Amino acid sequence: MKLQTTIATAVLAAGFAATALTGCGAQDNAPAPAPASPGAYADVNGLHMYYEVHGTPTAQPPLVLLHGALSGIGTDFGQLIPELSKTRQVIAVEQQAHGRTADIDRPLRTAQMAEDTVALLRKIGVQQVDLFGYSMGAGVALEITLKHPELVRKQVLAAGGLNAGAMHPGLLEGLAQLKPENLHGSPFHNDYLKNAPRPEDFPRLVQRVVEYDQNDLPNVAPEAVRQAKEPTLTVIGDSDIIRPEHAVEMFRLFGGGIMGDTPAGLPNSQLAILPGTTHVTLVHRPELLLPMIPAFLEAPVKDAQ
């Protein structure tokens, strides 16, 4: 079994890169990324952190977008921001070492990225938000919700998990083999070269992410999730790195998985498994996400069940 795992995981990094090349915004008919003109910087926790504000304030809290590892705002959300920002304000951030936010001398950690995000939101005067976190960003979103519940009204957790068991066996070992050259020519690499303040730091970003994957595994207690009151939309692809069984477990912990044809009705939390969708392509399915996310965010919240 150990030998089989070693052989299988040796090719996962290359496979991840190949998937990125074919699935992450590489479609010929994909809309162009959202323009960077709404961008600005805030100095928080020693970090010169980049963020963008799209749309105008409405009666609803702004929607905060939290990108995945190796990525950035346009890479992950370029196909979603133009439509999402038509009906609500959207705030998107770029975390340490990612996109237009330069690296500083500290490792990547979920808890720190969450605190950086909260500090930025407070600095620009935001009192309450909805969160949409993808992959690494889903972990950041959940950390914010658990540590700063007063800030969060609803959350969308896309392609994220509560612990290492969320992922298919062997994945983390494969990602440990990831090299910068595996990603050359991918949207991750191309967008970094275009946007980063120091494009030559791409190998440093990959090193940061590999170290993060090996040393900051999620380990969220089920009871902590069960106590969270914020309505949660859990989203994965049907061919994601996150196992569907784990997504169902998360849905139940957030109060879902009950029979809705009763006087109590539907729960506040929801589950979506996108058909024909991988981990990398999940945020590039606007035809599925754009009807779903606003409907969830705008749905009335019932009293705690």
Side-chain angles (χ1 to χ4, degrees), residues 16 19-20 23-25 34 62-81 83-84 88 90-95 98 110 113-114 117 129-146 152-163 166-168 171 187-188 213 218 220 225 228 230-254 256 268-299:
F16 178 81
T19 302
C24 184
L63 176 62
V64 175
L65 305 181
L66 302 164
H67 63 76
L70 299 167
S71 202
I73 295 169
T75 321
D76 283 350
F77 302 117
Q79 293 171 271
L80 302 177
I81 289 174
E83 288 299 318
L84 290 174
R88 65 192 301 133
V90 173
I91 301 171
V93 304
E94 289 183 336
Q95 303 290 351
H98 289 77
T110 298
M113 288 186 281
T117 303
V129 299
D130 293 332
L131 298 175
F132 175 17
Y134 163 62
S135 192
M136 178 184 78
V140 175
L142 182 56
E143 179 79 9
I144 293 172
T145 297
L146 295 179
V152 181
R153 188 188 69 116
K154 292 188 177 186
Q155 61 178 351
V156 179
L157 304 181
L162 304 180
N163 50 56
M167 292 175 281
H168 290 284
L171 177 76
F188 302 115
D213 284 336
V220 183
V225 178
E230 295 75 13
T232 300
L233 170 59
T234 301
V235 185
I236 66 164
D238 60 358
S239 298
D240 210 312
I241 65 173
I242 303 297
R243 298 182 301 109
E245 297 86 352
H246 186 81
V248 172
E249 178 187 351
M250 288 178 62
F251 178 47
R252 291 186 184 280
L253 289 171
F254 284 119
N268 287 323
S269 291
Q270 299 178 13
L271 170 67
I273 300 180
L274 307 188
T277 302
T278 71
H279 185 76
V280 173
T281 62
L282 188 150
V283 285
H284 303 283
R285 300 300 306 273
E287 75 282 8
L288 298 178
L289 294 173
L290 288 174
M292 180 188 307
I293 293 173
F296 167 72
L297 296 177
E298 293 164 12

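Model, not experiment: these values are computed from the prediction.
- Rounding to the nearest 0.5 Å gives a distance of 12.0 Å between NE2 of His98 and CD1 of Ile73.
- Looking only at distances, no side-chain donor or acceptor of Asp130 sits under 3.5 Å from a matching main-chain atom of Leu63.
- Considering all non-hydrogen atoms of both residues, Ala228 and Leu146 come closest at CB-CD2, 4.2 Å.
- Judged by distance alone, the side chains of His67 and Thr75 never bring a donor and an acceptor atom under 3.5 Å apart.
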Donor-acceptor contacts, no H, no angles, side chain residues 242-254, under 3.5 Å, sequence neighbours left out:
| unit_1 | atom_1 | unit_2 | atom_2 | d |
| --- | --- | --- | --- | --- |
| Arg243 | NE | Gly165 | O | 2.9 |
| Arg243 | NH2 | Gly165 | O | 2.8 |
| His246 | NE2 | Leu162 | N | 2.9 |
| Arg252 | NH1 | Gly257 | O | 3.2 |

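- In terms of heavy atoms, Gly237 sits closest to Ile273 at C-CG2, 4.2 Å.
- Partners of Pro218 under the side chain to side chain contact (heavy atoms under 4.5 Å, CB included) rule, at least two apart in sequence or in another chain, do not exist in this structure.
- A salt bridge (Lys or Arg N to Asp or Glu O under 4.0 Å) check over residues 275-284, counting only residues at least two apart or in different chains, returns nothing.
- Taking the side chain as every heavy atom from C-beta outward, Leu274 and Thr281 never approach each other to under 4.5 Å.
- Not counting sequence neighbours, the partners of Glu83 by the side chain to side chain donor-acceptor pair (under 3.5 Å) test are Lys86.
- A distance of 11.5 Å separates CD in Glu94 from CG in Leu66, rounded to the nearest 0.5 Å.
- Judged as a side chain to side chain donor-acceptor pair (under 3.5 Å), and not counting sequence neighbours, the contacts of Thr117 are Gln95.
- Closest approach of Leu233 and Leu271 over heavy atoms only: CD1-N, 4.2 Å.
- No donor-acceptor distance shorter than 3.5 angstrom exists from the side chain of Ser71 to the backbone of Ala69, with no hydrogens or angles considered.
- Residues Leu157 and Ala141 approach most closely at CD2-CB, 3.8 Å, considering heavy atoms.
- Every residue meeting the side chain to side chain contact (heavy atoms under 4.5 Å, CB included) condition with Ala158, not counting sequence neighbours, appears here in chain and number order: Phe132, Tyr134, Val235, Leu282.
- For residues 268-297, every residue pair satisfying the salt bridge (Lys or Arg N to Asp or Glu O under 4.0 Å) rule, not counting sequence neighbours, is listed here: Arg285-Glu287.
- Contact of the Pro275 side chain with the Leu288 side chain is registered, since non-hydrogen atoms from C-beta on lie closer than 4.5 Å.
- The OG1 atom of Thr234 sits 9.5 Å away from atom CG of Leu142, with the distance rounded to the nearest 0.5 Å.
- The heavy-atom pair separating Met292 from Ala272 by the smallest distance is SD-CB, 3.5 Å.
- Annotation: side chain to side chain contact (heavy atoms under 4.5 Å, CB included) contacts of Glu143 (sequence neighbours excluded): Thr110, Ala111, Ala114, Lys147.
- Nearest approach of Leu297 to Val156, heavy atoms of both residues: CD2-CG2, 4.4 Å.
- Partners of Asp240 under the salt bridge (Lys or Arg N to Asp or Glu O under 4.0 Å) rule, at least two apart in sequence or in another chain, do not exist in this structure.
- Separating the CD1 atom in Ile293 from the CD atom in Gln270 is a distance of 11.0 Å, to the nearest 0.5 Å.
- Side-chain contact between Ile144 and Leu131 is present, with at least one heavy-atom pair separated by less than 4.5 Å.
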